[in-house]
Visitor: 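Sharing a structure below in structure tokens format, with a few things to ask.
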2 protein chains.
Amino acid sequence: MTRLSRDDIVAGAGKRFATHGYHGTSMRDLGDDLGILGSSIYSHVGGKQELLVAVVERGAGFFVEAARDAMATDASPEDMVHDLIAGHIGVLLDHRHEARTYLTEVDFLDPVAQQRVNDIRDTYEEAFRSTISAGVDADVFRKDCDPRLATIYILSILNALDRWYDEAGRLDREAIVNDIYRFARAGLK
Amino acid sequence: MTRLSRDDIVAGAGKRFATHGYHGTSMRDLGDDLGILGSSIYSHVGGKQELLVAVVERGAGFFVEAARDAMATDASPEDMVHDLIAGHIGVLLDHRHEARTYLTEVDFLDPVAQQRVNDIRDTYEEAFRSTISAGVDADVFRKDCDPRLATIYILSILNALDRWYDEAGRLDREAIVNDIYRFARAGLK
DNA sequence: CCTACCGATCGGTAGG
DNA sequence: CCTACCGATCGGTAGG
């Protein structure tokens, strides 16, 4: 057993926060998961709140990265919406704990970190909004479609995924991406 | 200042749980909100977990009631989907704290209560599923529409509402109901 | 509903 | 990363 890294601690915190919530997790709980004492965590991080910040910012970063990748192509607005959806679902499934903590515990961030995370979130949502907006301008989406509302609707569907979707179940990843894409695209038309 | 009722305590708990989470709320916090001591709460209820159960079951009950009302008409499947959406949004806005606690703190319920609440939730979702299913059978919705998935998508949009929608803002209640209904209906067609 | 209190647990620190 | 510990706060109770 070699010494744990800071990333190990943050990953463990993500798992605990995602399943038990920030306030439902004690430093001793977290230490138990990691095989060390709660007090030993303080040799890696400054405190519990610092761990929440690290987990949430990691989660937010994954989403922004995925959006940047999707936007980096010259795909049509329709295809780009598909890619944004696929990217979001990829993050949700590949980084479940960080994604979920980002989505559910952001309210418990100290005000400074919360502002920072909300700015990141706005950047991310802007990728959806501008793509949908481009589709409206290109007449491929409805003229009276409000990109802001449509973005919220699509992200609402996406963010709820981790509460019910099981990748080992009937629908594989491609199937759920396509089904949600079809539902969303219909709403945009 | 007359003695508080059990309902007052449960309402106060709903407000606190909705904003700070179950684990982020202490009995003393709750007492402060109510103008009594934390220990005084125990003359009304058996404990903190009992309060969570009461709040969550109240929230769940409102939704089931709304669904029953919507289903009690002989409206077309399309109109009934509209009414179910309107009913859900009504509960969300008229009973924000209970609805939110029901949606976000259900994981912290003891296993017995959690099972009960999940059964109630399933009954509620069945109202959406069967209505959509009837629409598919009547050829008003797409033949390859999966009522189970469509229900999840619509409820995802609905449940995310309380995190961003402000009734005092640009969109009044009727407008948001209609906009979500249109988006959802398009996805069903 | 308050006074007075309980043991357990909390986040966190000093020193090694 | 552990030992040993701190003061604060936790959910909850006895008795009035």
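Reminder, nothing fancy here: chain letters follow the sequence lines and each chain counts from 1. The shown structure was predicted, so the numbers you read here are calculated from the model rather than taken from an experiment.
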Visitor: Students often get this wrong, so: under 4.0 angstrom with heavy atoms, is A:Ile36 touching a base, only sugar-phosphate, or nothing?
Guide: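 The answer is sugar-phosphate, as A:Ile36 gets under 4.0 Å only of primed atoms, P, OP1 or OP2.
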Visitor: Work out how much the helix from C:dC1-D:dG16 to C:dG16-D:dC1 bends between its end axes, five pairs an end, to the nearest 10 degrees.
Guide: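 So the angle between the two local helix axes works out to 10°.
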Visitor: All N/O contacts under 3.5 Å from nucleotides 12-16 of chain D to the protein, with atom names and distances to one decimal?
Guide:
from	atom 1	to	atom 2	distance (Å)
D:dG12	OP2	B:Tyr42	OH	3.0
D:dG12	OP2	B:Lys48	N	2.9
D:dG12	O5'	B:Tyr42	OH	3.4

Visitor: Expected output is a numbered-order residue list: members of residues 12-23 of chain B with a heavy atom under 4.0 Å from any atom of DNA chain D. What is it?
Guide: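 Under 4.0 Å from DNA chain D: no residue of residues 12-23 of chain B.
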Visitor: I need the minimum non-hydrogen distance between B:Arg6 and B:Ala54, along with the two atoms involved.
Guide: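 Shortest heavy-atom contact: NH2-CB, 3.7 Å.
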Visitor: Which residue, A:Leu51, A:Val55, A:Val106, forms the side-chain contact (heavy atoms from CB on, under 4.5 Å) with A:Thr101?
Guide: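 Exactly one option meets the side-chain contact (heavy atoms from CB on, under 4.5 Å) with A:Thr101, and it is A:Val55.
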Visitor: Within the structure shown, what part of the strands sits under 4.0 Å from A:Ser43 by heavy-atom distance: base, sugar-phosphate, or nothing?
Guide: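 Base contact.
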Visitor: Starting at atom CD1 of B:Ile41, determine the distance to atom P of C:dC1, rounded to an integer number of angstrom.
Guide: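 Taking CD1 of B:Ile41 and P of C:dC1, I get 10 Å after rounding.
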Visitor: Look at B:Asp144 together with A:Arg182 and state whether they make a salt bridge at an N to O cut-off of under 4.0 Å.
Guide: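 Looking at B:Asp144 and A:Arg182, the cut-off is met.
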Visitor: Determine whether B:Val10 and B:Leu37 fall in the same hydrophobic cluster, where Ile, Leu, Val, Met, Phe, Trp and Tyr are linked whenever their side-chain heavy atoms lie under 4.5 Å apart.
Guide: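 As far as the 4.5 Å side-chain criterion goes, B:Leu37 and B:Val10 are not connected within one cluster.
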Visitor: Which of parallel (below 30°), tilted (30 to 60°) and perpendicular (above 60°) describes A:His82 and A:Tyr181?
Guide: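 Ring orientation, 0 to 90° scale: perpendicular.
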Visitor: Do any N or O atoms from the side chain of B:Asp8 and from the backbone of B:Ser5 form a donor-acceptor pair under 3.5 angstrom?
Guide: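 Yes, B:Asp8 side chain to B:Ser5 backbone: donor-acceptor pair under 3.5 Å.
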